[in-house]
Amino acid sequence: MRRRRILWAAAILLTALLYFFENNAGTLCLLAGSIFLPLLGLLPLFGRVSAAISAPDVCAAGQQLRGTVCLKNAGLLPLPAVQLRLECCNVRTGEESVQTVSVSLLPKEARRLAFALDCPYCGTVSLRVAKLSLSDLLGMARRSCAAASSAEVQVLPALFHPEVILTDTAAALPDSECYSAERPGSDPGETFAIREYVPGDVLRRIHWKLS
């Protein structure tokens with residue numbers, strides 16, 4: 001921006017010297033154009049622009065947070081260069097990211113700009129328009145505008161649907177009203193696979209009434 005101002009001043013000086021030596025209508029028009037045309041390009045600095053952030057209230061961790069910023073030209077002048085700076089900060093982790101964009105707006109035009117941010121961690125993500133400014137047609141001057149738009153998004157852990165499988169596993173329970181037909185339990189009163197007595201059998205497992 002400073003370099004462009006220096007070039008403008010040099011152009012005025014050269015055209016002034018040209019008019020001083022030539023002194024005719026053509027050089028006079030050239031001198032007047034080098035002075036007044038850049039001044040007319042400063043009119044967009046008096047425009048009015050607003051920004052509004054639109055984002056979901058909840059986002060899952062590990063996914064991209066997608067939202068939009070609506071820029072609206074409320075004036076009757078075209079805005080050749082509108083600079084927007086969007087800042088994103090995770091309040092829990094302190095992670096920050098910045099996105100900068102420059103667009104042009106026609107009179108009374110509203111434009112939606114989409115953005116996408118990576119959210120690998122949980123927490124509260126704060127979004128705000130940190131800077132909103134207007135530039136002239138030649139980029140020699142800039143004016144900051146009020147930017148009060150902000151939003152907050154809750155980044156939650158990724159959820160999944162649990163899978164529940166119901167099977168008949170009465171034998172696996174420590175206490176059950178049903179007896180297993182495959183293996184004996186620890187209840188001495190349980191009748192299981194009655195056979196003849198073999199020396200070495202545990203006495204407490206003998207069914208005295210049926211033996």
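These numbers come from the heavy atoms of this one structure, side chains and all, not from hydrogens, waters or symmetry mates.
- Hydrophobic cluster membership of V98, counting Ile, Leu, Val, Met, Phe, Trp and Tyr whose side-chain heavy atoms lie under 4.5 Å apart directly or via other members: none, as it forms a cluster of its own.
- Shown here are the side-chain contact (heavy atoms from CB on, under 4.5 Å) partners of V58, two or more places apart in sequence or in another chain: L156.
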For residues 47-57, which side-chain N or O atoms pair as donor and acceptor with protein atoms under 3.5 Å away, sequence neighbours left out?
{"unit_1": "R48", "atom_1": "NH2", "unit_2": "A74", "atom_2": "O", "d": "3.2"}

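- With a 6.0 Å radius and a threshold of 12 heavy atoms from other residues, nucleotides or ligands, F46 has its CZ atom at or below the threshold.
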Throw together a table of side-chain donor-acceptor distances under 3.5 angstrom for residues 109-119, partners on residues two or more places apart or in other chains.
{"unit_1": "E109", "atom_1": "OE1", "unit_2": "L106", "atom_2": "N", "d": "2.6"}
{"unit_1": "R111", "atom_1": "NH2", "unit_2": "S104", "atom_2": "O", "d": "3.4"}
{"unit_1": "D118", "atom_1": "OD1", "unit_2": "Q64", "atom_2": "NE2", "d": "3.2"}

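- For residues 78-107, the pairs satisfying salt bridge (charged side-chain N to carboxylate O under 4.0 Å, His left out) are R85-E87, E87-R128, with sequence neighbours left out.
- Side chain of N90 to backbone of G123: no donor-acceptor contact under 3.5 angstrom is found.
- Applying the side-chain hydrogen bond (donor to acceptor under 3.5 Å, both in side chains) test to every pair with at least one member in residues 148-165, sequence neighbours left out, gives these pairs: T124-Q154.
- When the side-chain hydrogen bond (donor to acceptor under 3.5 Å, both in side chains) test is applied to S97, no partner is found at least two apart in sequence or on another chain.
- Under the side-chain contact (heavy atoms from CB on, under 4.5 Å) criterion, A61 pairs with C122, V155, not counting sequence neighbours.
- Counting heavy atoms from C-beta on, the side chains of L71 and L132 come closer than 4.5 Å.
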Donor-acceptor pairs under 3.5 Å, side chain of residues 75-84 to any protein atom, not counting sequence neighbours: which ones?
{"unit_1": "Q83", "atom_1": "OE1", "unit_2": "S133", "atom_2": "OG", "d": "3.3"}
{"unit_1": "Q83", "atom_1": "OE1", "unit_2": "S135", "atom_2": "OG", "d": "3.0"}
{"unit_1": "Q83", "atom_1": "NE2", "unit_2": "S135", "atom_2": "OG", "d": "3.3"}

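- Cluster annotation: V91 is not connected to L65 through the hydrophobic network of ILVMFWY side chains, with a link wherever side-chain heavy atoms come within less than 4.5 Å.
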